[in-house]
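Quick caveat, the model's predicted, so the values are computed rather than measured.
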Amino acid sequence: MELRQLAVVVAVAEEGGFTAAAQRLRTVQSTVSTVVRALERDLGTPLFHRTTHRVVLTPAGEAFVPAARAALEAAERARAAVSPVTGRVRLGVCPGLLADLHRTLAALRHAHPGLAVEVRQVRCAPTESTVDLVMTSATCEIAGSGSSADLVTTLLAAEELVLATAPGGARSATADLSALSLVDFPSGWAIRDAVDRAFPHRLVALEVDDLAVAAGLVRAGLAACVLPASVAARFPELTVRRFDRPPPWQLAAVYRADSGPAVAAVLAQLGSNPKRSGRV
């Protein structure tokens, strides 16, 4: 199975026919048909129902096309990771995300010295037209004039939310936080959005816009704080309590479907760091 075969099948599915796919791929219809038939023989199942007026996916095709599309996107990111690119990317970062942004930018400059990355702080639900790529929580909705169908969300990391408390005590957390005094972050922070969704009825006694300040308040016993596990791990003096049914925390990148190699290069670098989920 070759990437070219995957690209042809995706083109036929998206264009709704062999002729339109051939025009998109700048080839002839017979070539498209030959490639699809060869792949169907290799797979041992048809991917399309062919009729006189239209081409529709079979159940096997319905399952195959999303995986093929994902494989093509992964290949593009891999290519971008090793092929120097030029241009400019406006990277939107929700407040509190990517605390080690300097490492990501340094690695990008080393790999792609001709690529300029402009960093903008955006709200958890930014207007997608102001930036090319947004780092945010996977639960946040991206607002803007573009259709959501024009945007792609790539999951970069997944972990759980935990309860950070003053040193000492048990390692388990109650699911009911109503009796606790909590420190939280302002509206517009990705972590605030995730915690709001997980614990909508909690009492926020303190609100700060700095992770270190929040950790200091927790350390002093003035409040507890719900954090992604990797963030809590940055403050080893605190007690980290796990919930019996841990709420999820997912870090995602959102970008337009027609983004070029420059965005792919940035995305590849963001996705190459196994500790990226700690940039909250």
Side-chain angles (χ1 to χ4, degrees), residues 1-83 85-92 115 126-134 136 138 140-156 252-271:
M1 189 180 302
E2 301 177 355
L3 289 176
R4 177 171 174 268
Q5 292 176 306
L6 302 184
V8 169
V9 169
V10 169
V12 173
E14 292 180 347
E15 298 298 332
F18 289 86
T19 300
Q23 293 173 347
R24 167 172 154 178
L25 298 171
R26 298 183 180 179
T27 186
V28 296
Q29 180 180 341
S30 59
T31 298
V32 172
S33 298
T34 299
V35 170
V36 171
R37 289 196 197 96
L39 182 56
E40 289 176 326
R41 283 196 300 270
D42 290 343
L43 295 173
T45 185
L47 298 176
F48 297 98
H49 288 304
R50 299 160 175 84
T51 67
T52 304
H53 301 291
R54 61 176 182 161
V55 173
V56 296
L57 289 167
T58 63
E62 293 280 2
F64 183 84
V65 168
R69 190 180 289 114
L72 291 170
E73 292 172 356
E76 182 60 31
R77 291 197 298 271
R79 188 179 297 111
V82 298
S83 302
V85 298
T86 59
R88 179 185 68 130
V89 174
R90 298 167 298 171
L91 173 62
L115 177 61
T127 301
E128 51 87 11
S129 61
T130 64
V131 291
D132 302 306
L133 175 68
V134 178
T136 185
C140 291
E141 297 179 356
I142 306 303
S145 58
S147 167
S148 60
D150 299 328
L151 300 178
V152 177
T153 299
T154 295
L155 183 64
L156 298 179
V254 181
Y255 50 96
R256 285 182 288 275
D258 59 355
S259 297
V263 168
V266 175
L267 187 62
Q269 185 59 49
L270 291 170

S.K.: Report yes if some heavy atom in the side chain of Val134 is under 4.5 Å from a heavy atom in the side chain of Leu91; otherwise report no.
M.R.: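 Val134 vs Leu91: side chains apart.
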S.K.: Name the atoms and distances for all side-chain donor-acceptor pairs under 3.5 Å in residues 5-18, with sequence neighbours left out.
M.R.:
unit_1: Gln5; atom_1: OE1; unit_2: Glu2; atom_2: N; d: 2.9
unit_1: Glu14; atom_1: OE1; unit_2: Arg24; atom_2: NH1; d: 2.8
unit_1: Glu14; atom_1: OE1; unit_2: Arg24; atom_2: NH2; d: 2.8
unit_1: Glu14; atom_1: OE2; unit_2: Arg69; atom_2: NE; d: 3.1
unit_1: Glu14; atom_1: OE2; unit_2: Arg69; atom_2: NH2; d: 3.1
unit_1: Glu15; atom_1: OE2; unit_2: Arg24; atom_2: NH1; d: 3.1

S.K.: With rounding to the nearest 0.5 Å, note down the distance linking CG in Leu155 to OG1 in Thr153.
M.R.: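 Going from CG on Leu155 over to OG1 on Thr153, the span is 9.5 Å.
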S.K.: Would you say the side chain of Arg256 lies within less than 4.5 Å of the side chain of Ser259, judging by non-hydrogen atoms?
M.R.: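 Side chain of Ser259 against side chain of Arg256, heavy atoms only: contact under 4.5 Å found.
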S.K.: Do Leu57 and His49 have side chains that approach each other closer than 4.5 Å (heavy atoms only, starting at C-beta)?
M.R.: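 When only atoms from C-beta onward are counted, His49 and Leu57 do not touch, as no gap falls below 4.5 Å.
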S.K.: Can you measure from CZ (Phe64) to CE (Met1) and round to the nearest 0.5 angstrom?
M.R.: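 Nearest 0.5 Å value for the CZ-CE distance: 4.5 Å.
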S.K.: Quick check against the 3.5 Å criterion: does Thr58 have a side-chain atom that pairs as donor or acceptor with the backbone of Pro46?
M.R.: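 Answer holds: yes.
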S.K.: With a 4.5 Å limit on heavy-atom distance, are the side chains of Leu133 and Val254 in contact?
M.R.: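 A side-chain contact is absent here, since even the closest heavy-atom pair is not under 4.5 Å.
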S.K.: With heavy-atom distances below 4.5 Å as the criterion, would you say the side chains of Tyr255 and Val89 are in contact?
M.R.: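 SC-SC contact between Tyr255 and Val89 ruled out.
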S.K.: Between Thr86 and Ala262, what is the shortest heavy-atom contact and its length?
M.R.: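 Residues Thr86 and Ala262, closest heavy atoms: O-CB, 4.1 Å.
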S.K.: If you take all heavy atoms of Pro66 and Gly61, which pair is closest and at what distance?
M.R.: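 For Pro66 versus Gly61, the nearest heavy atoms are CD-O, 4.5 Å.
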S.K.: For residues 26-36, run the donor-acceptor check on the side chains, cut-off 3.5 Å, and write out each pair with its distance to 0.1 Å, sequence neighbours left out.
M.R.:
unit_1: Gln29; atom_1: OE1; unit_2: Thr19; atom_2: OG1; d: 2.8
unit_1: Ser33; atom_1: OG; unit_2: Gln29; atom_2: O; d: 3.2
unit_1: Thr34; atom_1: OG1; unit_2: Ser30; atom_2: O; d: 2.8

S.K.: Does atom CZ of Arg50 have more than 12 heavy-atom neighbours from other groups under 6.0 Å away?
M.R.: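 Check passes, neighbour count above 12.
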S.K.: Please answer whether the main-chain N or O of Arg90 pairs with a side-chain N or O of Asp132 as donor and acceptor at a distance below 3.5 Å.
M.R.: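 Looks like yes, one N/O pair under 3.5 Å.
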